[in-house]
Amino acid sequence: MAAKRSLDKSYVVRNIRQKQRFKYMLILEGIAVGSIVGLVIALFRIMIVKADQARQMAVHLVKVKPIYAFAVLLVLILIAWILDKLIRFEPDISGSGIPQIEGELKGLEDQNWRKVLIAKFAGCVLAIGGGLALGREGPSIQLGGMIGKGFARRKNALLTEERMLMSCGAGAGLAAAFGAPLAGVLFALEELHKNFSAEVLVSTMAASAVADYIAVNIIGLRPVFDFDVEHRIPLRLYWAVVLLGVILGILGVLYNKLLDKMQDFFDKFDSKFISIGIMLVISFLMMFIYPTVLGSGNNLVKVISDGKFTLMALAVLFVAKLFFSTGSFGTGTPGGIFLPLLVIGAITGGLYSTFLSTAFGVEEYYIKGFVIIAMAGFFSAIVRAPITGVILITEMTGNFMTLLSLVSASLVAYVVADLLGGEPVYDQLMHRRQRKKVESGSGTPDHDYLADVYSKSDKKYVKKRISVRERKVVIDSSIHIGSMMDGHKVMELGLPEGSLIVSVMRDGKEVIPNGSTILNGGDDLEILCRLKDIAATEAVLDEKCKAIDTD
């Protein structure tokens, strides 16, 4: 018996040491991935700026010499044709790219990282250069995730490590896109994994910090939204902050519904060339009618915060930007919604502050504070990731004076959107994507994959082709205090067949579980499952381990 206890103890010690080595290895690999991501996203941002400048030159040329309008229209039609060819070349570049990353982490996707990197980069630059109201953040996250995947595939890493490196790359992509390393880390935890994991935290932090460092050395340290807030929102106006949160929560749900309707409309066309062509023709018309609505619009935020728009001008801009940005995304062309929705949030904040000044005599100099608050609140209502939203806006503006009001408005917007039953936008997009794949018969990935498999007869690892759906992965979860499984046996969890809890970490000590092991709130679980069972396993964990049991 003593010998058995000694053997068990030595096993636990070895296993913990192995996990520690894995964590440190992930940090080093995260730094390597972050370095590559920083370089790629810095180049990506430079190319988008160049594309924006080219479009602005075209707008100016058309105004000065209308005779060139036909040439500009032909260029836009050519861009629509190229974008159609790129999407046919690699369909996974369509949209923001975040649903693709989330789907892959759930075992529902298996993207070709090489093709995505090339086509997504080129497609986004062309689409934004053509004037479509799209953002760089979703594409940056997908590009970063694919760099992480490519890094893992090149070293023939296990699926668990590959998923971690994809998370590192995705977080680093957001960090480099917006100069927001903390937001990159929180996005990986709050949106991609929806779970706290020490391995994800430290490795993504390393990747995000390095990516941001490299990007700012190439692009510069100026915040994306570079304006100062001289006056913090006083406590006497917090009623206005709470009311703004309510309005943003309602608008967030309406935005998601409009986005869905726009996708339904453009899905009626058999060809992406027609869908994208329609929006690029509208972009061409806007060059003459209302050029302010073109592009992602990040330059608008400072102009709005300076109070240079009238109430009526802001109302018109809000409606135009709302429909043009959702229409641009609805075509399925490569491009994100982060930046456009933040700009719409800023317009809402400016409109709201201007109305308060006109109707209630609220001082006009509070407009900058309300603009920042509205960006965070609108993000929280749409994406349903309030912590990421608050940190993202704080890092993007370099302003901490409005932190309390940011948190207040974001929390209210989150609760209102949740009570109205609105689905988080990236969950909505991922479910829509999976539904279309099932309808088309493509379903989940199911192809052979070259892997290192241990051969008992040869007593060594050998190359063998196995089904990608049968690849094994370890996923982390935790038992929330008050959840259904708090104080219940492992056998009551009801994981899908083939999924197995292999380790329980409790108070820093590892427990090797069996069916009769009692799980307690605060326990961290490691579950071994097949790639094809990730989504089903996570659904059980969400229901029984994370949701508070109200019975």
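The shown structure was predicted, so the numbers you read here are calculated from the model rather than taken from an experiment. Below, each value reflects all heavy atoms present in this structure, side chains not excepted, and no hydrogens, waters or symmetry copies.
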- Item | Beyond-backbone contact of T204 with F187, side-chain heavy atoms, under 4.5 angstrom | no

- Task: Flag yes if more than 12 heavy atoms outside I67 fall under 6.0 Å of its CD1 atom; otherwise flag no.
- Result: no

Contacts under 3.5 angstrom, residues 127-138 side chains, donor-acceptor by atom type, not counting sequence neighbours:
from	atom 1	to	atom 2	distance (Å)
R136	NE	A177	O	2.9
R136	NH2	A177	O	3.1
E137	OE1	L339	N	3.1
E137	OE2	I337	N	3.1
E137	OE2	F338	N	2.8

- Item | Atom of L83, atom of P334 and distance for their closest heavy-atom approach | CD2-CD, 4.2 Å

- Message: Please determine whether the number of non-hydrogen atoms from other residues, nucleotides or ligands lying under 6.0 Å from atom CG of L258 exceeds 12.
- Response: yes

- Task: Could you go through the salt bridge (Lys or Arg N to Asp or Glu O under 4.0 Å) check for D84 and R88 one step at a time?
- Result: CA-CA 6 Å; D84 176 60; R88 290 176 185 272; 3.0 Å; yes

- Task: Check the surroundings of atom OH in Y213: do more than 12 heavy atoms from other residues, nucleotides or ligands lie under 6.0 Å from it?
- Result: no

- Task: Might you point out which heavy atoms bring S208 and G184 nearest each other, and give the distance in Å?
- Result: OG-C, 4.1 Å

- Are any of the side-chain nitrogens in E104 or K149 under 4.0 Å away from the carboxylate oxygens of its partner? yes

- Smallest heavy-atom separation, S305 atom then V371 atom, equals CA-CG2, 4.2 Å

- Message: Check this for me, if you would: do R432 and D267 make a salt bridge, where the nitrogen-to-carboxylate-oxygen distance has to be below 4.0 angstrom?
- Response: yes

- Query: Considering residues, nucleotides and ligands other than F288, do more than 12 of their heavy atoms fall under 6.0 Å from its CZ?
  - Reply: yes

- When you check the gap from the basic side-chain N to the acidic O, do K106 and D533 get nearer than 4.0 Å? no

- Task: Start with the C-alpha gap between R114 and D92, add the side-chain angles, then the distance that decides, and say whether salt bridge (Lys or Arg N to Asp or Glu O under 4.0 Å) holds.
- Result: CA-CA 11 Å; R114 290 184 181 89; D92 285 336; over 6 Å; no

- Query: Taking the inter-plane angle between the rings of F265 and F269 on a 0 to 90° scale, is it parallel (under 30°), tilted (30 to 60°) or perpendicular (over 60°)?
  - Reply: perpendicular

Result block: side-chain N/O donor-acceptor pairs under 3.5 angstrom for residues 25-41, not counting sequence neighbours:
from	atom 1	to	atom 2	distance (Å)
E29	OE2	K155	NZ	3.1
S35	OG	I31	O	2.8

- Aromatic ring proximity F378/Y255, centre distance under 6.0 Å: yes

- K115 to F89, cation-pi by 6.0 Å centre distance and 45° axis angle: yes

- Passing option when Q111 is tested against K120, Q100, Q142 for side chain to side chain donor-acceptor pair (under 3.5 Å): Q142

- At what distance, to the nearest 0.5 angstrom, does NZ of K261 lie from CG of L254? 12.0 Å

- Nearest heavy atoms of A381 and A417, plus distance in Å: O-CB, 3.7 Å

